[in-house]
Amino acid sequence: MFEKIQAYLSAQLDIAKEDIERDTTFESLGIDSLDTVEMVMDLEEQLGVELELEEKVATVGELADYIESKLD
């Protein structure tokens with residue numbers, strides 16, 4: 001899941017995938033809460049799953065773990 005999010009962010013932000021790690025914060029990538037909502041909506045569509053972000057996720061790894069928990 002991390003790799004999917006990494007690839008998505010790389011394409012959206014025009015940065016190298018290698019620059020996005022599990023502990024990379026969305027803030028450090030310049031992603032605000034509106035951008036996060038749009039990203040989650042895109043990922044929901046790609047994955048065919050509904051994601052309700054009850055808690056704030058700060059890093060790429062936290063989002064990957066959250067999505068994986070919803071897919072189980």
*Asks:* Does Asp14 have any side chain to side chain contact (heavy atoms under 4.5 Å, CB included) partners at least two apart in sequence or in another chain, and if so, which?
*Replies:*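 Side chain to side chain contact (heavy atoms under 4.5 Å, CB included) check on Asp14 returns nothing, list empty.
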*Asks:* Could you tabulate the donor-acceptor pairs under 3.5 Å formed by side-chain atoms of residues 59-67, not counting sequence neighbours?
*Replies:*
{"from": "Thr59", "atom 1": "OG1", "to": "Glu62", "atom 2": "N", "distance (Å)": "3.0"}
{"from": "Glu62", "atom 1": "OE1", "to": "Ala58", "atom 2": "N", "distance (Å)": "2.7"}
{"from": "Asp65", "atom 1": "OD1", "to": "Arg22", "atom 2": "NH2", "distance (Å)": "2.6"}
{"from": "Asp65", "atom 1": "OD2", "to": "Arg22", "atom 2": "NH2", "distance (Å)": "3.0"}
{"from": "Tyr66", "atom 1": "OH", "to": "Glu52", "atom 2": "N", "distance (Å)": "3.4"}
{"from": "Tyr66", "atom 1": "OH", "to": "Glu52", "atom 2": "O", "distance (Å)": "2.1"}

*Asks:* At their closest point, which heavy atom of Ala16 faces which heavy atom of Ser10, and how far apart are they?
*Replies:* C-OG, 4.0 Å
*Asks:* Report the residues that fulfil side chain to side chain donor-acceptor pair (under 3.5 Å) with Thr24, sequence neighbours left out, ordered by chain and then residue number.
*Replies:*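 Per chain and number, Thr24 pairs via side chain to side chain donor-acceptor pair (under 3.5 Å) with no residue.
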*Asks:* What side-chain donor-acceptor pairs closer than 3.5 Å can you find for residues 40-48, not counting sequence neighbours?
*Replies:*
{"from": "Asp42", "atom 1": "OD2", "to": "Tyr8", "atom 2": "OH", "distance (Å)": "2.5"}
{"from": "Glu44", "atom 1": "OE2", "to": "Leu51", "atom 2": "N", "distance (Å)": "2.6"}

*Asks:* To the nearest 0.5 Å, what is the distance between CE on Met39 and CZ on Phe26?
*Replies:*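 Spacing of CE (Met39) from CZ (Phe26) equals 4.0 Å.
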*Asks:* Go through it in stages, so that I can follow the logic: the residues are Leu29 and Leu9, the test is side-chain contact (heavy atoms from CB on, under 4.5 Å), and I'd like the CA-CA distance, side-chain angles, deciding distance and then a yes or no.
*Replies:* CA-CA 9 Å; Leu29 294 173; Leu9 290 171; 4.0 Å; yes
*Asks:* Does Ile5 reach the side chain of Ile20, with side-chain heavy atoms less than 4.5 Å apart?
*Replies:*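 Counting from C-beta outward, Ile5 and Ile20 never come under 4.5 Å.
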*Asks:* According to a hydrophobic-cluster definition based on side-chain heavy atoms being under 4.5 Å apart (Ile, Leu, Val, Met, Phe, Trp, Tyr only), do Phe2 and Val49 belong together?
*Replies:*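 Yes; Val49 is reachable from Phe2 via cluster members.
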*Asks:* Looking at Gln6 and Lys17, what are the two nearest heavy atoms and their distance?
*Replies:* NE2-O, 2.8 Å
*Asks:* Quick test of your reading: applying side-chain hydrogen bond (donor to acceptor under 3.5 Å, both in side chains), list the pairs with at least one residue in residues 25-37, sequence neighbours left out, ordered by first then second residue.
*Replies:*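 Listed by first then second residue: Thr25-Ser28.
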*Asks:* Using salt bridge (Lys or Arg N to Asp or Glu O under 4.0 Å) as the criterion, list what pairs up with Asp19, not counting sequence neighbours.
*Replies:*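 In terms of salt bridge (Lys or Arg N to Asp or Glu O under 4.0 Å), with neighbours along the sequence ignored, Asp19 is linked to no residue.
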